[in-house]
Protein chains: 2
Amino acid sequence: MKDAISILRHCGIQPTPQRIAVVEYVLKSKTHPSADHVLSYARKKCPTVSRATVYNTLNLLVEKGLLGMQTIKEGAVVFDPNIEKHHHFVDTDTGDVYDIPWDQLEVKGKEKLKDFEITEFQVIMRGRRKKN
Amino acid sequence: MKDAISILRHCGIQPTPQRIAVVEYVLKSKTHPSADHVLSYARKKCPTVSRATVYNTLNLLVEKGLLGMQTIKEGAVVFDPNIEKHHHFVDTDTGDVYDIPWDQLEVKGKEKLKDFEITEFQVIMRGRRKKN
DNA sequence: TATTTATTTAGACAATGTCAAGACAAATAT
DNA sequence: ATATTTGTCTTGACATTGTCTAAATAAATA
């Protein structure tokens, strides 16, 4: 992955220490962190960073298409560095969210929904992850 | 639909005026109301009903399987009187949520997900509802 | 150096949702 | 009837999420 500074510059966002801290964490996260998670981790690099700045930066990244945003859990939106189309599986025991590759599932019948203009869709599954 | 009192009695919940007001509204709603919507309408029938009672009653109904609960919009959970399996379409302009009948769509490939034990799933679509 | 301009911070604010304590009502027992 | 237990409701406190504003700070430009 490119470094945080180039990523920010590339979309015309001034790379400040606060934004760099946010980007470094959220864009390389393997999980699906909430804004509060991002805030905690950003404060490790940049102890004075404020909640407002974290929210501002996250919203900027989402607007620029560098970051996904999902409303699949109660309580708080989660962010998703994977901006390829994909589906989601939510472990109902742990709350963990897993990405399911787009081509693993096929959704048939959408063309029958004549009343709706579908701009995006995904399958959301819930259950338990099997421990191997 | 059966009346609110029988429904409550049938699951061993004492039918109080407050609960009846909640049930009457939420179980016959054609939309997908939030808890706050339910509170507003319940107060029309029962002006002193409290927020806590509305939440308690909604949670009770969900536990008993009489009411669905969906986390598909930002900010607040929505409730869904349709407890048959179905998919959802969210109008990104209006925020309205539409139920899509279960048999309109088919999701293929779930058996390939060997790491996951799927207890439920649905397709969530976003876009615009075509106005005829 | 002076002056815009952009960014950050702190705190206020509103909304969602949960919880505990006391008030109230209803059912049962005495 | 009255007392007692049991269940329910309300109020208000509380934590959390997320947005906003005003003031402070930093950075860029002239």
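Here is the naming used below: chain letters follow the sequence lines, and residue numbers restart at 1 for every chain.
- Remark: the backbone N or O of A:T53 is paired with a side-chain donor or acceptor of A:T57 at under 3.5 angstrom.
- When side chains are defined from C-beta on, B:E117 does not count as touching A:R129, because their heavy atoms never get closer than 4.5 Å.
- Under the ring pair (Phe, Tyr, Trp, His ring centres under 6.0 Å) criterion, no residue pair touches residues 55-83 of chain B, with sequence neighbours excluded.
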Q: Indicate for each nucleotide in nucleotides 12-24 of chain D, in 5' to 3' sequence, whether protein heavy atoms under 4.0 Å reach the base (B), only the sugar-phosphate (S), or nothing (-).
A: -----SBBB----

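- For B:Q18 and D:dT10, the shortest distance from a side-chain N or O to OP1 or OP2 is below 4.0 Å.
- Note that the CD atom of A:Q18 and the OG1 atom of A:T48 stand 6.0 Å from one another [nearest 0.5 Å].
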Restricting to nitrogen or oxygen on both sides, can you table the protein-nucleotides 21-29 of chain C pairs closer than 3.5 Å?
none

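- When rounded to the nearest whole Å, the span between CG of B:L60 and P of D:dC9 equals 9 Å.
- Rounded to the nearest 0.5 Å, atoms CD1 (B:I72) and CE (B:M125) are 10.0 Å apart.
- The side chain of B:T53 contributes an N or O atom lying less than 4.0 Å from OP1 or OP2 of D:dT10.
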Which side-chain N or O atoms in residues 101-112 of chain A pair as donor and acceptor under 3.5 Å with protein atoms at least two apart or in another chain?
| residue | atom | partner | partner atom | Å |
| --- | --- | --- | --- | --- |
| A:K110 | NZ | A:V107 | O | 3.1 |
| A:K112 | NZ | B:Q104 | O | 3.3 |

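- Ion pairing between a basic and an acidic side chain is recognised when a charged N comes within 4.0 Å of a carboxylate O; B:R128 and B:D93 show such pairing.
- Nearest heavy atom pair, residue A:S50 against residue A:R43, reads CA-NH2, 4.0 Å.
- The distance between atom CZ of B:R19 and atom C1' of D:dT8, rounded to the nearest whole Å, is 6 Å.
- Note: CZ (A:R9) to P (D:dA27) measures 13 Å, nearest angstrom.
- Using a 4.0 Å heavy-atom criterion, one finds that A:T16 contacts the sugar-phosphate atoms exclusively.
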Under 3.5 Å donor-acceptor pairs involving side-chain atoms of residues 5-17 of chain B, not counting sequence neighbours:
| residue | atom | partner | partner atom | Å |
| --- | --- | --- | --- | --- |
| B:S6 | OG | B:D3 | OD1 | 2.2 |
| B:S6 | OG | B:D3 | OD2 | 3.2 |
| B:T16 | OG1 | B:R19 | N | 3.2 |

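- Formation of a donor-acceptor pair under 3.5 Å by the B:H86 side chain with backbone atoms of B:E84 is found in this model.
- For B:H88 and B:Q122, the side-chain atoms include at least one donor-acceptor pair closer than 3.5 Å.
- Proximity of residues 39-47 of chain A to DNA chain D (heavy atom under 4.0 angstrom from any strand atom) is not detected for any residue.
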